[in-house]
Amino acid sequence: MEKPTDATTPCNATDAARITALINRSPVVAIEWHNQPGWPVGFVSDGVAQWGYSRDDFISGRIRYADLIHADDRPRIELDVAEHLANGPDDYRQEYRIRTASGTWVWLDDRTWLTRNEHGNVTDIHGVLLDITAIKIAEAEVRRLNATLEDRVAERTAQLQAANQELRSFSYTVSHDLKAPLRGIEGYSQLLLEQYRDRLDEDGHHFLISIRRGAMHMHELIEDLLTYSRIERQTLDIRAVDLPALVQGVLDGFAHEIRAQGIEVVVKELPPQIRADPSGLTLVLRNLVSNALKFTRATSMPRITIDAYRRDRHLVLTVADNGVGFDMKYHDRIFEIFQRLHRAEDYPGTGIGLALVRKALQRMGGTVWAVSEPGQGATFHVELRQ
């Protein structure tokens with residue numbers, strides 16, 4: 001049985017023939033240059049035919065390898081080789097272009113190593129060359145696509161900036177131009193009710209009250225629209241927030257309605273702190289509590305429960321009520337702007353509150369969802385990464 005060959009044992013003629021055959025059938029070109037002016041070639045494999053040359057073209061000296069290197073690459077390659085010859089390291093890698101016999105240019109990945117004599121002087125330069133033209137073309141295409149993508153992103157950014165400017169202009173118009181006549185409607189209708197009460201019959205009183213109710217609803221709608229449009233422009237300030245104090249502050253703002261409706265409010269034990277934008281989280285909880293108050297108005301024993309639980313690296317706040325609830329097939333719809341599941345006459349509102357909740361949470365990197373059944377109340381879950 002033939003003994004295994006040690007890795008340091010010199011190759012015999014059979015091994016050398018096998019290696020040469022492998023190299024000649026591979027896509028690489030093996031080449032050896034003598035460290036002499038012009039880098040004369042001492043050996044080159046048959047793979048050189050892929051460039052349109054023969055081995056004898058180089059070994060005879062009819063073609064100097066250095067002359068084939070692209071003029072833009074040659075100074076860099078010559079300087080790099082000189083540095084390695086003088087100071088090492090003796091194994092290195094280069095990429096450059098050479099001209100083929102047909103006049104085209106191909107990119108090569110040149111894996112090089114040096115042979116030195118006993119005095120440390122380089123005698124030969126060895127290289128294994130692989131055509132990487134296809135890779136270079138692909139890289140150029142990626143760069144072109146990236147540049148095109150950057151142009152498209154810049155164009156889209158400009159469009160968004162223009163749209164934001166239009167939105168700011170719209171907000172200004174709403175704030176100043178629409179609110180002014182609305183104040184006139186509210187003021188004059190109130191004067192009619194106060195100063196001309198005795199001159200109005202029952203229908204007149206009813207009409208004026210309807211006008212004032214509509215004006216108040218329009219005022220709420222304008223304020224909610226302004227809040228919705230301002231969310232994106234507000235500075236995000238993520239920091240540690242005293243959660244129990246923030247929740248209590250929100251509930252204090254509804255103290256009159258809670259007492260008037262006889263609502264039982266249960267606040268479970270909450271984490272002392274949460275990382276969030278204070279104004280954004282206040283907006284979220286205020287709208288969820290307002291929503292719970294609205295939909296428990298006709299409940300005999302109304303109750304609102306605020307709780308929290310951990311889920312992986314997230315904290316989830318819940319606001320639950322025992323009100324009218326809703327069918328889960330409408331779940332996504334309730335978070336869209338101006339979407340309502342009940343008649344405005346039964347449950348007044350602008351249809352913007354839950355859209356505000358979702359938008360505020362998106363800015364904080366959070367999410368919101370609800371679980372409900374008709375007649376069984378609803379529980380809203382607010383999830384924030386901690």
Under a 3.5 Å distance rule, please check whether [X] uses its side chain to pair with a backbone N or O of [Y] as donor and acceptor.
X: Arg74; Y: Leu68; value: no
X: Gln50; Y: Gly47; value: yes
X: Ser372; Y: Phe326; value: yes
X: His205; Y: Asp201; value: yes
X: Gln386; Y: Arg275; value: yes
X: Thr296; Y: Asn322; value: no
X: Asn291; Y: Asn287; value: no
X: Arg111; Y: Val128; value: no
X: Thr133; Y: Trp107; value: yes
X: Ser290; Y: Arg286; value: no

State whether the number of non-hydrogen atoms from other residues, nucleotides or ligands found under 6.0 Å of [X] atom [atom1] is greater than 12.
X: Arg303; atom1: CZ; answer: no
X: Arg313; atom1: CZ; answer: no
X: Gln159; atom1: CD; answer: yes
X: Met328; atom1: CE; answer: yes
X: Glu95; atom1: CD; answer: yes

Under-4.0 Å salt bridge between Arg144 and Glu141: yes
Kindly give the heavy-atom pair with the smallest separation between [X] and [Y], and that separation in Å.
X: Val284; Y: Ala360; answer: CG2-CB, 3.9 Å
X: Gly280; Y: Met364; answer: C-CE, 3.8 Å
X: Pro37; Y: Pro40; answer: O-CD, 3.6 Å
X: Asp277; Y: Ile238; answer: N-CD1, 3.6 Å
X: Asp307; Y: Leu270; answer: C-CD2, 3.8 Å

[Y] and [X], any side-chain heavy atoms less than 4.5 Å apart:
X: Leu208; Y: Tyr196; result: no
X: Val44; Y: Tyr65; result: no
X: Gln94; Y: Val81; result: yes
X: Gln190; Y: Arg212; result: yes
X: Trp33; Y: Ile31; result: yes
X: Ile306; Y: Leu317; result: no
X: Asn121; Y: Asn35; result: no

CA sep, side-chain torsions, deciding dist, call: Asp151, Thr148, side chain to side chain donor-acceptor pair (under 3.5 Å): CA-CA 5 Å; Asp151 290 340; Thr148 303; 5.5 Å; no
Steps toward side chain to side chain donor-acceptor pair (under 3.5 Å) verdict (Asp110, Thr112): CA-CA 6 Å; Asp110 184 348; Thr112 306; 2.7 Å; yes
Which distance, rounded to the nearest 0.5 Å, do you find between the [atom1] of [X] and the [atom2] of [Y]?
X: Leu354; Y: Phe380; atom1: CG; atom2: CZ; result: 5.0 Å
X: Leu361; Y: Trp369; atom1: CG; atom2: CH2; result: 10.5 Å
X: His126; Y: Asp91; atom1: NE2; atom2: CG; result: 10.0 Å
X: Leu79; Y: His84; atom1: CG; atom2: NE2; result: 10.0 Å
X: Leu246; Y: Ser279; atom1: CG; atom2: OG; result: 10.0 Å
X: Leu200; Y: Gln195; atom1: CG; atom2: CD; result: 11.5 Å

Criterion side chain to side chain contact (heavy atoms under 4.5 Å, CB included) on Leu315 and Arg310, from CA distance to verdict: CA-CA 5 Å; Leu315 180 69; Arg310 294 276 179 184; 3.9 Å; yes
Residues Glu150 and Asn146: side-chain donor-acceptor under 3.5 angstrom: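 Absent: no donor and acceptor within the cut-off.
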Plane angle bin for Phe58 and Tyr53 - parallel if under 30°, tilted between 30 and 60°, otherwise perpendicular: perpendicular
Partner set under side-chain hydrogen bond (donor to acceptor under 3.5 Å, both in side chains) for His34, not counting sequence neighbours: Asp124
Step-by-step salt bridge (Lys or Arg N to Asp or Glu O under 4.0 Å) determination, Arg99 to Asp67: CA-CA 9 Å; Arg99 186 181 66 252; Asp67 294 339; over 6 Å; no
Ring pair (Phe, Tyr, Trp, His ring centres under 6.0 Å) partners for Tyr96, two or more places apart: none
Under 4.5 Å between side-chain heavy atoms, counting indirect links through other Ile/Leu/Val/Met/Phe/Trp/Tyr residues: same cluster for [X] and [Y] or not?
X: Val267; Y: Val241; value: yes
X: Val316; Y: Val289; value: no
X: Ile137; Y: Leu108; value: no

